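Each remark here refers to the structure printed beneath this line.
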Amino acid sequence: LKDAQRLSKVGSWHYDLKSENVTWSEELYRIFGIDPSQSAPDMVEQRSKYSPESWHLLDESVKKIVSDGTPLT
């Protein structure tokens with residue numbers, strides 16, 4: 001997965017709803033120009049990394065997941 005993300009220039013992240021911990025892939029750190037030794041931005045801080053339209057779509061998807069368990073696809 002690491003090589004595939006690097007080659008395709010696509011990153012990923014994981015959000016743990018219980019702990020509210022966000023984990024980023026190495027490629028996502030590279031895309032955003034952040035040192036991978038730093039902690040990933042939390043969900044509030046991540047907002048600044050997205051366009052308003054993209055953040056709205058992401059935020060609505062996360063709310064739907066939390067409310068009814070619909071997986072993000």
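Heavy atoms only: backbone and side chains are in, while hydrogens, waters and symmetry mates are out. Fair warning: this is a prediction, and the values are worked out from it, not measured in the lab.
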If you group Ile, Leu, Val, Met, Phe, Trp and Tyr by side-chain heavy-atom gaps below 4.5 Å, do [X] and [Y] land in one group?
| X | Y | answer |
| --- | --- | --- |
| Leu17 | Trp13 | yes |
| Val10 | Val22 | no |
| Tyr15 | Phe32 | yes |
| Val44 | Ile65 | no |

Considering only heavy atoms from C-beta outward, does the side chain of [X] approach that of [Y] to under 4.5 Å?
| X | Y | answer |
| --- | --- | --- |
| Glu20 | Met43 | no |
| Glu45 | Asp42 | yes |
| Lys49 | Ile34 | yes |
| Glu27 | Lys9 | yes |

**OP:** Please name the pair of heavy atoms, one in Ser25 and one in Gln5, separated by the smallest distance, quoted to 0.1 Å.
**Re:**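 Ser25 and Gln5 have their closest heavy atoms at OG-OE1, 2.9 Å.
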Subject >> Donor-acceptor contact below 3.5 Å, side chain Tyr29 vs main chain Gln38 >> reply: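 Confirmed, Tyr29 side chain pairs with Gln38 backbone.
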Subject >> Side-chain donor-acceptor pair present, Trp24, Gln46, cut-off under 3.5 Å >> reply: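 The answer is yes; a qualifying pair exists.
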**OP:** Starting at NE2 of His56, measure out to OG of Ser61 and round the result to the nearest 0.5 Å.
**Re:**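 The OG atom of Ser61 is 9.0 Å from NE2 of His56, to the nearest 0.5 Å.
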